[in-house]
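The structure appears right after this line, and notes come after that.
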Amino acid sequence: MHTPNRADENFKRLAEMFPNAVTETIDENGEVVRAIDADVLRQEISSAVVEGNQERYQFTWPDKKKSVVLSNKPIAKTLRLDREKSVGRDGTAGSIDTENIYIEGDNLDALKLLQETYLGKIKMIYIDPPYNTGSDFVYEDDFSQDKYEYISGSGQLDEQGNRLVANPESNGRFHTDWLNMLYPRLRIARDLLSDDGVIFISIDDNEQENLKKICDEIFGFNNFIAQVIWERAYSPINLKKHFSESHDYMICYAKNIDNAVCNGLPRTAEANDRYSNPDNDPRGLWTSGDLSVGPRVESKVYEIISPSGRRILPPSGYCWRLDKKTFKKYKQDNRIWFGEDGNNVPRIKRFLSEVKQGITPMTVWKYTEVGHSQDAAQKLKKLFDGKAYFDYPKSVDLIKRCLQLYSDKDCIVMDFFSGSATTAHAVMQLNAEDGGNRKYIMVQLPELTDEKSEARKAGYKTICDIGEERIRRAGQKIKDESPMTTTELDIGFRVFRVDSSNMQNVYYAPADYKQEQLELLADNIKPDRTPTDLLFQVMLDLGITLSAEINETEIDGKKVFSVADGYLIACFDKNVTEQTVTQIAKKQPFYAVFRDSGMSSDSVLTNFEQIFETYSPKTVRRVL
């Protein structure tokens with residue numbers, strides 16, 4: 001029940017492509033293992049090989065190789081539903097009839113647990129990682145320090161024991177620790193993006209240069225879209241010695257820039273006011289553009305006679321935009337405008353119905369357009385009845401603009417540094433405005449709030465508690481403000497937390513167990529795990545999204561789950577009879593899953609396969 005080992009998967013792909021490069025060697029334990037012969041592989045993939053001390057362009061740092069290994073390394077963890085924290089699509093507490101997901105836990109673990117089910121399914125990712133300012137916290141991954149440093153270093157733990165450490169500039173690994181934290185997470189995030197997907201990453205000057213370099217490596221420099229400047233402040237701080245910084249950046253990359261499509265920004269009334277229809281053209285509103293263009297091309301220099309009889313040539317050094325034959329067609333189609341008196345220099349009609357409906361965005365986003373950090377803090381404070389729990393939240397309008405540019409109305413959006421959950425707020429707001437059905441996946445480490453903080457006094461023990469409450473309040477506010485147009489708006493979310501595997505720990509090889517120890521293996525499921533826990537583990541293992549519809553029924557007194565309209569049917573109760581198995585088989589699901597120790601007798605276990613062969617031979621049967 002581990003997540004996939006990406007290194008093993010990459011080995012299999014190479015072995016399939018270059019079977020002649022597969023060989024055997026001795027590992028560090030003295031065991032014979034399969035391996036890739038690098039010399040043979042070099043011959044197959046390139047005639048020019050860079051190795052050793054030969055100079056080449058590269059970006060590296062201490063432990064970079066380990067961060068790559070970390071991104072591929074499997075984990076034995078799972079996601080457990082927290083129904084009490086979950087909210088239904090209409091705001092009902094404890095309901096899970098929603099398509100939105102909120103995950104509490106280390107985002108590297110969460111990404112690994114999601115990587116198979118959501119492979120290539122995320123249309124847009126937005127993240128706001130720690131900026132590495134010297135005072136913020138970064139995730140502490142297990143290879144960064146030795147045991148002594150780990151224990152003696154200052155820091156704090158979240159509820160699950162994940163360690164956060166301050167990263168002061170005096171730290172000799174200041175940039176290294178930050179890069180090792182972000183690099184493996186971005187590697188997995190790339191795989192989650194769809195072929196036309198994009199990622200936006202907020203950052204400031206502290207790590208902007210390094211972020212750009214690792215993104216060039218992970219996503220490919222040719223997939224760089226833009227580096228947006230967000231004007232986050234509107235007034236200077238006079239106490240600053242040199243400059244008062246008024247902007248942050250958002251770096252944007254595509255999974256494949258040839259497939260990424262920018263929707264453009266909605267057309268404004270100001271943009272449309274430039275269009276009119278002075279000649280009552282049946283094609284509607286239009287504006288005119290220059291017919292002349294430079295530099296001069298002799299084949300496009302010719303005389304045009306206006307309706308008033310005026311003979312017109314292009315200006316010196318210019319030519320007409322259209323050749324003579326095309327101009328004639330345009331004129332016959334009433335696409336050439338000589339002015340109301342028919343005596344002006346000719347211009348081309350450009351109809352509003354034919355122009356690109358989305359306005360191409362510029363790379364400087366002003367606070368007057370997308371809000372600023374102070375305004376975002378004030379709005380969040382107002383949402384929490386005047387209490388300030390976050391100092392620097394992002395503006396909802398800022399994230400909403402990212403969504404407008406690169407999301408579809410029915411897609412999945414992810415933010416694995418969720419913080420105050422601005423991205424979830426923005427998704428709901430945009431859905432309310434354009435009737436979309438975007439879904440979100442938020443991931444946030446349950447970092448403990450300070451014991452003396454206003455948040456802790458108000459009962460918010462972790463950052464996740466604040467983010468989840470923000471979503472509840474924002475969703476309800478959006479519905480209250482537009483009750484007639486948001487009846488179908490999904491303001492709910494299923495809450496999951498990253499936890500240890502549902503399966504019992506096994507400490508010995510089978511041959512090492514003694515007879516009296518065998519009863520310890522009677523049930524391979526941990527005693528505190530529920531059928532719902534097992535269901536979501538199975539869904540992840542089988543590639544079924546966490547938001548899939550789930551119905552619970554009873555068959556012969558046993559709880560049975562039906563997922564995605566019967567695509568998966570599972571029963572994890574004990575003492576399951578042949579009658580229950582038969583009824584499930586008759587429903588002919590694609591997958592049927594049971595508990596290993598769940599059969600009521602040996603005869604049921606013996607007849608299990610035969611029952612399915614009789615009623616649903618194509619069903620894939622699994623046993624936990």
Side-chain angles (χ1 to χ4, degrees), residues 122-128 193-194 196-203 223-234 246-276 284-287 289 350-373 375-376 379 393-415 422-440 474 478 481-482 485 489:
I122 308 298
K123 184 67 165 64
M124 197 193 95
I125 296 175
Y126 169 82
I127 57 172
D128 185 17
L193 283 175
S194 59
D196 59 349
V198 301
I199 183 171
F200 285 89
I201 309 172
S202 283
I203 200 67
N223 288 317
F224 170 72
I225 294 179
Q227 180 167 304
V228 175
I229 296 173
W230 171 41
E231 190 180 22
R232 62 171 173 78
Y234 63 90
S246 61
H247 70 278
D248 280 348
Y249 304 101
M250 281 198 299
I251 293 178
C252 181
Y253 280 79
K255 174 76 169 287
N256 185 330
I257 200 165
D258 293 332
N259 296 330
V261 177
C262 180
N263 302 319
L265 299 175
R267 296 189 64 85
T268 63
E270 181 182 1
N272 290 341
D273 285 345
R274 294 182 287 129
Y275 291 80
S276 60
L285 299 175
W286 57 269
T287 188
R350 303 192 186 281
F351 293 92
L352 179 59
S353 59
E354 297 175 353
V355 300
K356 180 181 178 181
Q357 293 305 298
I359 297 175
T360 301
M362 300 181 71
T363 54
V364 176
W365 293 3
K366 300 178 180 179
Y367 70 81
T368 53
E369 302 169 347
V370 295
H372 51 78
S373 58
D375 176 60
K379 287 180 177 177
K394 288 294 183 289
S395 161
V396 171
D397 287 335
L398 177 74
I399 311 305
K400 194 172 73 171
R401 173 169 284 196
C402 299
L403 294 168
Q404 288 172 327
L405 292 176
Y406 286 101
S407 76
D408 298 332
K409 285 189 176 183
D410 189 16
C411 70
I412 303 175
V413 178
M414 173 180 274
D415 182 345
T422 304
T423 301
H425 191 162
V427 168
M428 293 188 295
Q429 185 66 53
L430 186 57
N431 281 344
E433 293 174 8
D434 67 6
N437 185 38
R438 299 168 186 85
K439 283 78 67 175
Y440 61 75
I478 292 169
E481 291 176 346
S482 306
T485 58
L489 181 66

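Reckoned from all heavy atoms, side chains included, excluding hydrogens, waters and symmetry mates. Position 1 is the first residue of the sequence; numbering continues from there.
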From the list Val427, Val198, Ile399, side chain to side chain contact (heavy atoms under 4.5 Å, CB included) partner of Tyr126 resolves to Ile399
Between atom [atom1] of [X] and atom [atom2] of [Y], what is the distance when rounded to the nearest 0.5 Å?
X      : Y      : atom1 : atom2 : result
Ile125 : Leu193 : CD1   : CG    : 4.0 Å
Asp408 : Met124 : CG    : CE    : 11.5 Å
Asn223 : Asn256 : CG    : CG    : 6.0 Å
Thr287 : Leu352 : OG1   : CG    : 10.0 Å
Gln227 : Ile201 : CD    : CD1   : 11.0 Å
Leu489 : Ser482 : CG    : OG    : 9.5 Å

Locate the shortest heavy-atom distance separating [X] from [Y]; write the atom from each residue and the value.
X      : Y      : answer
Gly289 : Arg350 : CA-NE, 4.1 Å
Tyr253 : Ile225 : C-CD1, 4.1 Å
Trp230 : Ser395 : CZ2-CB, 4.3 Å
Ile359 : Thr268 : CD1-N, 4.0 Å

Under 3.5 Å donor-acceptor, [X] side chain and [Y] backbone:
X      : Y      : value
Asp196 : Asn259 : no
Asp415 : Ala424 : no
Lys123 : Cys411 : no

Side chain proximity check, [X] to [Y], heavy atoms < 4.5 angstrom:
X      : Y      : result
Cys402 : Trp365 : yes
Tyr440 : Thr423 : no
Cys262 : Tyr406 : yes
Thr363 : Ile229 : no
Asp410 : Lys439 : yes
Gln429 : Ile478 : yes

Residues at least two apart in sequence or cross-chain that pass side chain to side chain contact (heavy atoms under 4.5 Å, CB included) with Ala233, listed by chain then number, are Ser246
Requested in this report: Report the C-alpha distance between Tyr367 and Ser373 in whole Å, list the side-chain angles of each, state the deciding distance to 0.1 Å, and finish with yes or no for side chain to side chain donor-acceptor pair (under 3.5 Å).
Outcome: CA-CA 9 Å; Tyr367 70 81; Ser373 58; over 6 Å; no
Inset, instruction - Check step by step if side-chain contact (heavy atoms from CB on, under 4.5 Å) holds for Asn263 and Gln404. - result: CA-CA 7 Å; Asn263 302 319; Gln404 288 172 327; over 6 Å; no
Evaluate the criterion side chain to side chain donor-acceptor pair (under 3.5 Å) for residue pair Ser407 and Arg438; output intermediate values, then yes/no. CA-CA 8 Å; Ser407 76; Arg438 299 168 186 85; 2.9 Å; yes
For His372 and Tyr234, take the angle between the two ring planes, folded into 0 to 90°, and tell me which bin it lands in: parallel under 30, tilted 30 to 60, perpendicular over 60.
tilted
Tested for salt bridge (Lys or Arg N to Asp or Glu O under 4.0 Å) against Asp397, the lone hit among Lys400, Lys394, Arg401 is Lys400
